[in-house]
Amino acid sequence: MARHLIRNGLILSMALSSRAIDAAAQAPTVTVGGVGYVQYYYNLKDTANHINNFDVTRAYINVIGKFAYGVSTRVTPDIYRVSDGSLAYRLKYAFVAWQPEKSAFTFKLGQNNTPFVDFEERLWDYRMQGTIAMDRNGYLSSSDFGFLVDGNWGFDKVTFSGGIQNGENYNKAPGDKRKDFVSRISVRVKGTDEAGPTGGLRVTGYAGIGKPNGGGTRQRYLGIVSYRSKMLTLAAELAGTRDSALSTPVTPLKKGRVFTTFGVLRIPPTYKFQIIGRLDAVDPSTNTSNDKQTRIIAGVAYQVSGNLRVLADIDHLSYQGGVTTPALEAVRSQVLFQLQFIF
């Protein structure tokens with residue numbers, strides 16, 4: 001009798017322990033963090049006014065929730081400048097994600113990241129200096145409304161993100177019935193001492209096909225070859241763009257081309273001292289002469305800690321056909337001192 005009671009007691013104890021472990025594993029967690037960029041800039045070409053200013057270029061607060069059965073959420077407000085020059089907040093991300101148990105896929109719905117910009121920002125790792133070439137020149141955005149499917153195989157050997165989005169980006173009205181189909185795939189050809197979805201020697205492709213609000217053409221195709229280790233990042237990217245509009249004003253098809261290459265050297269053994277360089281060559285219309293723009297970025301950085309990085313750099317933009325206005329001439333060449341903080 002006593003032996004029977006002991007056995008039943010052990011079975012009950014094991015069952016209760018198992019339920020406690022499952023409850024702990026499924027307990028919801030909510031974390032709050034953020035990132036901010038501040039800078040001081042001096043316009044080198046504005047010799048008449050010597051314009052220089054301290055500024056805040058980015059401030060995010062990330063609220064991330066993780067729940068049972070692979071459900072997660074993210075809400076992120078974004079700082080931006082309004083027409084009077086003051087700073088205001090708007091919503092950058094607000095989506096729910098679901099990754100079924102033991103599945104390689106994650107499904108996301110809401111105002112979420114676009115497939116490519118987030119990938120290249122992680123690879124470049126210097127969003128504090130400014131947006132990537134495709135974003136800075138208005139061809140892509142980091143956030144949009146829609147449905148995405150992310151895939152990951154072989155511990156980041158192959159990563160995928162694709163789906164359907166409005167195409168008008170997060171900082172505009174959602175638009176009409178027209179949508180964009182977007183997808184990115186990245187394959188690690190050879191590994192290095194840097195893990196993660198951007199580590200190693202990788203080949204990455206992206207395509208975005210859709211129509212703008214009112215009708216027309218909006219197409220983006222690009223390929224990027226990249227190498228990233230703990231000491232070195234190198235990348236070269238070529239993109240083609242096709243744009244037209246049927247709504248007012250009607251615009252004919254315009255074909256553009258963007259080439260960007262960048263590198264980051266992290267000095268061993270601590271990798272805290274870093275040297276960065278980047279070149280963006282943008283041709284808004286390959287059928288039009290004298291409209292190319294070339295941007296050169298060069299700087300040195302120091303990683304104080306995982307929460308703080310400082311950067312001193314020069315950002316110089318040149319126009320093939322010459323600067324069209326004094327206002328553009330004044331801001332096309334800057335020296336900057338920039339700071340990134342994470343909490």
Side-chain angles (χ1 to χ4, degrees), residues 31-42 52-64 74 76 78-79 92-93 113 116-136 142 155-156 159 186 188 190-202 204 224-237 260-280 295-316 334-343:
T31 59
V32 179
V35 58
Y37 301 150
V38 298
Q39 71 177 20
Y40 168 81
Y41 70 89
Y42 186 94
N52 65 100
N53 272 308
F54 295 95
D55 197 7
V56 175
T57 59
R58 190 186 199 191
Y60 283 178
I61 297 176
N62 294 312
V63 182
I64 298 175
R74 177 179 176 180
T76 302
D78 172 37
I79 193 171
K92 181 69 176 284
Y93 300 110
N113 59 283
F116 183 76
V117 174
D118 180 67
F119 170 83
E120 186 170 327
E121 285 185 348
R122 290 186 184 186
L123 175 66
W124 164 231
D125 198 28
Y126 271 90
R127 173 61 179 82
M128 63 186 293
Q129 199 286 330
T131 53
I132 65 170
M134 290 293 288
D135 190 355
R136 181 174 289 195
S142 57
F155 300 99
D156 298 315
T159 64
S186 180
R188 186 175 64 229
K190 183 177 177 59
T192 64
D193 57 1
E194 180 75 6
T198 60
L201 175 64
R202 307 190 73 94
T204 303
I224 178 171
V225 178
S226 62
Y227 174 88
R228 179 162 179 165
S229 67
K230 289 183 177 179
M231 186 178 74
L232 183 65
T233 298
L234 292 173
E237 172 189 332
T260 180
T261 181
F262 55 83
V264 180
L265 175 63
R266 294 169 281 273
I267 308 298
T270 64
Y271 306 113
K272 288 190 173 184
F273 285 100
Q274 302 169 5
I275 302 172
I276 73 166
R278 178 173 134 188
L279 182 145
D280 299 342
R295 182 182 299 274
I296 297 175
I297 299 168
V300 292
Y302 183 73
Q303 188 78 44
V304 180
S305 69
N307 302 96
L308 181 62
R309 175 190 289 174
V310 294
L311 169 67
D313 62 289
I314 293 177
D315 188 322
H316 178 74
Q334 298 178 325
V335 58
L336 305 103
F337 179 78
Q338 298 170 303
L339 184 147
Q340 169 187 286
F341 61 90
I342 300 173
F343 62 92

Would E120 and I224 count as a side-chain contact (heavy atoms from CB on, under 4.5 Å) here? Give the steps. CA-CA 9 Å; E120 186 170 327; I224 178 171; 4.3 Å; yes
How far apart are the closest heavy atoms of G263 and W124, and which atoms are they? O-CZ3, 4.2 Å
Take T198 and F119 through the test side-chain contact (heavy atoms from CB on, under 4.5 Å) and record every step on the way to the result. CA-CA 7 Å; T198 60; F119 170 83; 3.9 Å; yes
Donor on one side chain, acceptor on other, T192 and S229, under 3.5 Å: no
Would a 4.5 Å heavy-atom cut-off, applied to side chains only, mark Q274 and I267 as touching? no
Just wondering, more than 12 heavy atoms not from Y302 lying within 6.0 Å of its OH? yes
Which atom pairs, donor and acceptor, lie under 3.5 Å between side-chain atoms of residues 334-341 and protein residues at least two apart or in another chain?
from: Q334; atom 1: NE2; to: N43; atom 2: OD1; distance (Å): 2.9
from: Q338; atom 1: NE2; to: Q39; atom 2: OE1; distance (Å): 2.9
from: Q338; atom 1: NE2; to: M128; atom 2: O; distance (Å): 3.3

Test side chain to side chain contact (heavy atoms under 4.5 Å, CB included) applied to T76 - qualifying residues, sequence neighbours left out: Y60, N62, R74, K92, Y93
Is there side-chain contact between Y227 and K190, with heavy atoms separated by less than 4.5 Å? no
Side chain to side chain contact (heavy atoms under 4.5 Å, CB included) against R188, all qualifying residues, sequence neighbours excluded: D156, K157, R202
Mind checking the OG-CG spacing from S142 to D135? Nearest 0.5 Å is all I need. 5.5 Å
Spacing of F262 atom CZ and L234 atom CG [to the nearest 0.5 Å]: 9.0 Å
So, are E194 and R228 salt-bridged, with charged N and O less than 4.0 Å apart? yes
Would you compute the distance between atom CG of D55 and atom OH of Y37 and round it to the nearest 0.5 angstrom? 14.0 Å
D193 side-chain N/O to K230 backbone N/O, donor-acceptor pair under 3.5 Å: yes
P197 and T159 have their tightest heavy-atom pair at CB-CG2, 4.2 Å
Suppose we screen for ring pair (Phe, Tyr, Trp, His ring centres under 6.0 Å). Which residues come up paired with Y271, at least two apart in sequence or across chains? none
Non-hydrogen side-chain atoms of R295 and H316 separated by less than 4.5 Å: no
Got F54 and V38 here, is their nearest side-chain heavy-atom distance under 4.5 Å? no
Please list, chain by chain and in numerical order, all residues satisfying side chain to side chain contact (heavy atoms under 4.5 Å, CB included) with N307, sequence neighbours excluded. S305
Contact summary for G306 and I342, nearest pair of heavy atoms: O-CD1, 4.1 Å
Looking at CD1 of I297 and CG of L311, how far apart are the two atoms once the value is rounded to the nearest 0.5 Å? 9.5 Å
Would you list the pairs meeting salt bridge (Lys or Arg N to Asp or Glu O under 4.0 Å) in which at least one residue belongs to residues 297-312, sequence neighbours left out? D125-R309
Working to the nearest 0.5 Å, report the span between CZ of F116 and OG1 of T204. 7.0 Å
Can you tell me how far apart OG1 (T261) and CZ (R278) are? Round to the nearest 0.5 Å. 10.5 Å
Does I132 reach the side chain of V117, with side-chain heavy atoms less than 4.5 Å apart? yes
